[in-house]
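These numbers were taken from a predicted model, which means no experiment stands behind them. Chain identifiers are assigned alphabetically (A, B, ...) following the order of the sequence lines, protein sequences preceding nucleic acid strands; residue numbering begins at 1 within each chain.
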Protein chains: 2
Amino acid sequence: MLPGPEEHARLIETARGDRPAELFVRGGAIANVYSGELHEGSVAVTGGRIAYVGEGVGALGPETRVVDASGMIVSPGYIEAHFHPWVLYNPVSLVEGVLPLGTTTIVSDNLFFFMQMGPERFAAMADDLKDLPLLYLWMARLTSQAKFPGEEEMFALEKVEPLLLRDDVIGTAEITRWPALAAGDEHLISGIRMAKALGKIVDGHTGGASESRLQPVAAAGIDADHEAITRKEVLNRLRLGIWTMLRYSSLRPDLPELLHAVTEDGVSTQHLTMTTDGPAPEFLAKHGLVDGMLRVAVENGVPPMQALQMVTINPATLFRIDGQVGGIGIGRQADLLLLPDLTTFRPETVITRGRIVAENGELRVPLPRLDWEKYGSRPRFDAGLELADPALYPLRVSETEAEMPMIHLRSAVISERRDVQVRVEDGMAAPDEQGGLLHAALVDRGGTWVSRALISGFASNLDGFASTYNTTTQLLVLGRRPQSMALAAQRVRKLDGGIVIVKGTEILYELALPITGMMSDLPFAEVVERNKRLSKAVAEAGYEHHDILYTLLFLTCDFLPALRLTPMGLLDAKTFEVLLPAEGSPGR
Amino acid sequence: MLPGPEEHARLIETARGDRPAELFVRGGAIANVYSGELHEGSVAVTGGRIAYVGEGVGALGPETRVVDASGMIVSPGYIEAHFHPWVLYNPVSLVEGVLPLGTTTIVSDNLFFFMQMGPERFAAMADDLKDLPLLYLWMARLTSQAKFPGEEEMFALEKVEPLLLRDDVIGTAEITRWPALAAGDEHLISGIRMAKALGKIVDGHTGGASESRLQPVAAAGIDADHEAITRKEVLNRLRLGIWTMLRYSSLRPDLPELLHAVTEDGVSTQHLTMTTDGPAPEFLAKHGLVDGMLRVAVENGVPPMQALQMVTINPATLFRIDGQVGGIGIGRQADLLLLPDLTTFRPETVITRGRIVAENGELRVPLPRLDWEKYGSRPRFDAGLELADPALYPLRVSETEAEMPMIHLRSAVISERRDVQVRVEDGMAAPDEQGGLLHAALVDRGGTWVSRALISGFASNLDGFASTYNTTTQLLVLGRRPQSMALAAQRVRKLDGGIVIVKGTEILYELALPITGMMSDLPFAEVVERNKRLSKAVAEAGYEHHDILYTLLFLTCDFLPALRLTPMGLLDAKTFEVLLPAEGSPGR
């Protein structure tokens, strides 16, 4: 992340005043996150880096582009410290949505890219994304979010290591399976040790861990966590030396509560950052990204400078990229925002690497078009996979097993186990259409296994629904009518991944997600619209929770309470007991 | 700096409560530098690392050693962020003086060790020092403090690189030749680039650099600086993104002034640390080390927690060793202090790596004895070197050159140029014994060159003085009487390095410094006594400044204004012009 030798030499020359700057941001009040001050000054840029910060004009030359910042606040670009750039949007379309709002660096999870593309093609994509006017840095997964046959091979450390050796891979991504960490799981601990030996950061996920359970997770080596949902949980993490990310996601917009740790408990903000954790597109469009969190922080009483430090120099320090981004310091990337104030935090001008890339909320540069096919990002469905048969989806029940464990959704993502008496027809569950019970099947796109269960509390009137948008990127099919389910499933396959809702035999909603089965290739604004329509469609089908995308995402994971439909079958995620094994799974 | 795999596994077990701790610090208020709180809690230790921080007792077992901390504050050990462990004391004797005061980590300059021993033997010494109950971490020099013939070869990057690859070498040491940095000096820039590519930190030295001159030095790549002497200079550095160390040294006890940046300008303390910069032993004995700076900070109005952060987590963060030291966090080295209060900051008990090493100001463990000879640390004098001839020392003057440039000391280290009319005898300067002018000669221990000059403002009544304690570790000889100078020089040679004062023909004072010519092998308390006697002896000879050791150290350097006696001859350090070339120097 160092400049090349010649660029380095030019930087020194401009700093010395012996070489004109390419860009000169004149005047304005510099929001200095190092000193914590607002002070008058200009910023000179050469080779995309900051060469001068001060009141002189030595770096001005006849060909220097001058930007007048008088009356404005000049802030470093915002850093999103923990992000999943695959919530319908993709890493390119996301830039359209967030760069005009001032987020200039995103520390991103590599999960679905890695799973679908493998290490080499993920690396090729990461290389191509460097042409974007927003800096993507990556965290490499050591494991998936739902155990499946072949997982160990896919995440073998010799496949992860080449990624960790890259400059733009700055750590390992959140390890959702924290009980395994507390138990000293060999693969995970080895992965953590490898990352740390390479000077990289280990991101944790400790949702629901009590103060005493956090201790062994910390001992395993996690450096950061974003799962506190109360101010007390913020303290629990911070006190152990864990960098704590205060979250404001569409799933859990907990930030106002968490900020009480700062405004009432008075903790140091030095080891705090904020994160949106990858919100749904419609949430993002409404609340902004890092800019939105800054507004919430200041509205809730955090001094503006501390709020700003929490999304600039603090995450940069955590990730050891403070020589590259996170502040208006000499040698850092010239990622600068011209802000009218420190209350809205909405930039009038966004500059990255010394180039004006957005003004007044509008992107000002074209984005490179990626050839996603090149990375093997299109989800594959086995040619022999037969989705048309309605009998594929309902749970198999022998007469003696008529009382069955069932997933009941208590909230958007938290489920509980309910045991229900199931009416049986032809050896299959035949849920009552009035009872709100749905069939649920997770179908391997490779055609080797299928997991089945019953679910309630989801959307009582959903006839047929199919989606690859889930932690497995396999085909999740839900509904009260197997015929409608079969239609939805076939349509998703036709789309090469996506989300489809069927009522009777009519397609009510569809969105193609050809990038790993999780991401659309539509523009950001269009993705927001499709997200809104999806929310409306599922609400009409009886969905009562607040975040359909996270409901879908986590229905198949193995780390949230209580029952989950995973590649292994219906799983009790607390005990890791498989209650109803998948059919055909080689993992059985 | 990771624990080994088995140790790591044990750490997790203790954290989980499944394996008794070796040490359990029960009760007390934890000074939590991560959260900025004082909170109740116990600390469990296994394998020398912190395995648990909280209110539980799960880690207690029948063989656990319990330390009662009730009523006490449990603080992380203090970190000295920038130190020269060779001011008469040596790295072992220093531990006697400072470990009982709570300093448990010292980030040290390798200068004289490297110059005298070379890279392999320095590394062998650093390995042996790991047995000490205080953690030494090292900064590797890229250059000396006074250009000399052979310097380039000695500091060739292929000799520095093996050091930078070591875990305990965490950066490059202060680069005093900052004008060369601003000019883009190839060797220095290459060294900085090498260090940064290896993830290491670059320590700067920007004494006297104006705000505009700081910019190219920052662009060269320095991460930290400790040379601010006013609050404005603190701001100048911080604002460019340079970590700023507030100094309280025997030479420059500027801390009260510098703290105004915090208490009056209100800057963030996140990027501030404090340093004593290697004080004279007698200053250290009087004012303490890091503990002393904490007292000064709190007396001057800095909140105690912020003061503590500035000497614990802040330097640990700067140096990227916050996973190892700097706070009472899980997985960190168990370096703990039991403090009665946060005003004196004097520990009753000092624990390092889980072992009680000092109590009530007294060391409680034996220190390893190093065989210094093994590292080649004894300064060598060439067998043919003839020091007995009084004619070796006075400046050569031809009759036509009777007006000569002279070093005049304005303060302990700052000199100015004065041009004086010199009385000449036998082609040599014969300074008036009443005029306060002394002969000054820097004699190569290898016998190939000698630099000569006149000096005033030093100590008018000094007959003869000789010392290897200077930035070159060559033999510096001063005095008004060449015969006395010759006696002093011969005695220093006999001692294999040291400091000797002669009055007439009588040795008034001597201190052997057989470790690189800079360090005594005496115990710390004895070194303090010898320092006091030296101060008294030079004061009696007319020395009017406050820090004889720094006067001696820097008389031969090439980076302080104005005239210096260096291996190249009498040098104007501002222009790098050699005013009176050395005799016999191959560098001419």
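- Counting heavy-atom pairs closer than 4.5 Å to chain A, the top-ranked of the candidates B/L11, B/I330, B/V267 is B/I330.
- Interface residue A/I328: only backbone heavy atoms are found under 4.5 Å from chain B.
- At a 4.5 Å heavy-atom cutoff, the contact between B/L181 and chain A is made by backbone atoms alone.
- Expressed to the nearest 0.5 Å, how far OG of A/S35 lies from CG of B/L240 amounts to 10.0 Å.
- For a residue to count as touching a neighbouring chain, one of its non-hydrogen atoms must lie under 4.5 Å from one of that chain's; by this rule B/N314 touches chain A with the side chain only.
- Using a 4.5 Å cut-off on side-chain heavy atoms (C-beta onward), A/V217 and B/I12 make no contact.
- With a 4.5 Å cut-off on non-hydrogen atoms, B/D265 does not touch chain A at all.
- In this structure, B/N32 and A/L238 approach most closely via the heavy-atom pair OD1-O, 4.2 Å.
- The number of heavy atoms from other shown groups lying within 6.0 Å of CD (B/E186) does not exceed 12.
- By number of non-hydrogen pairs under 4.5 angstrom with chain B, the leading residue of A/G331, A/S268, A/G329, A/P3 is A/S268.
- Between B/W243 and A/D322, the shortest heavy-atom distance links the atoms NE1-OD2, 4.2 Å.
- Chosen from B/E13, B/H271, B/R237, B/E211, the residue pairing most often with chain A at heavy-atom distances under 4.5 Å is B/H271.
- Within residues 41-51 of chain B, the residues approaching chain A closer than 4.5 Å by heavy atoms are, in numerical order, B/A51.
- Options A/K196, A/R320, A/Q306, A/R332 differ in how many heavy-atom pairs under 4.5 Å they form with chain B, and the most are formed by A/R320.
- Looking at A/E37, the atoms closer than 4.5 Å to chain B (heavy atoms on both sides) all sit in the side chain, from C-beta outward.
- In terms of non-hydrogen atom pairs under 4.5 Å with chain B, the most contact-rich of A/R213, A/Q309, A/M305 is A/Q309.
- Ranked by heavy-atom pairs under 4.5 Å with chain A, the list B/G241, B/A218, B/A183 is led by B/G241.
- If you tally non-hydrogen atom pairs under 4.5 Å between each of B/R239, B/Q270, B/R16 and chain A, the highest count goes to B/R239.
- For the options B/G36, B/P5, B/G184, heavy-atom pairs under 4.5 Å to chain A are most numerous at B/P5.
- In terms of modelled atom types and a separation under 3.5 Å, the side chain of A/H8 and the main chain of B/A219 share a donor-acceptor contact.
- Scanning all heavy atoms of the two residues, the minimum distance from B/V53 to A/Q215 falls at O-NE2, 2.8 Å.
- Enclosure of atom CD in A/E6 is not indicated, since only 12 or fewer non-hydrogen atoms of other residues, nucleotides or ligands lie within 6.0 angstrom.
- Annotation: the span from B/Y34 atom OH to A/T244 atom OG1 amounts to 11.5 Å, rounded to 0.5 Å.
- Taking B/A182, B/G54, B/G221, B/G323 one by one and counting their heavy-atom pairs under 4.5 Å with chain A, the maximum is reached by B/A182.
- Considering all non-hydrogen atoms of both residues, B/T317 and A/T317 come closest at CG2-CG2, 3.2 Å.
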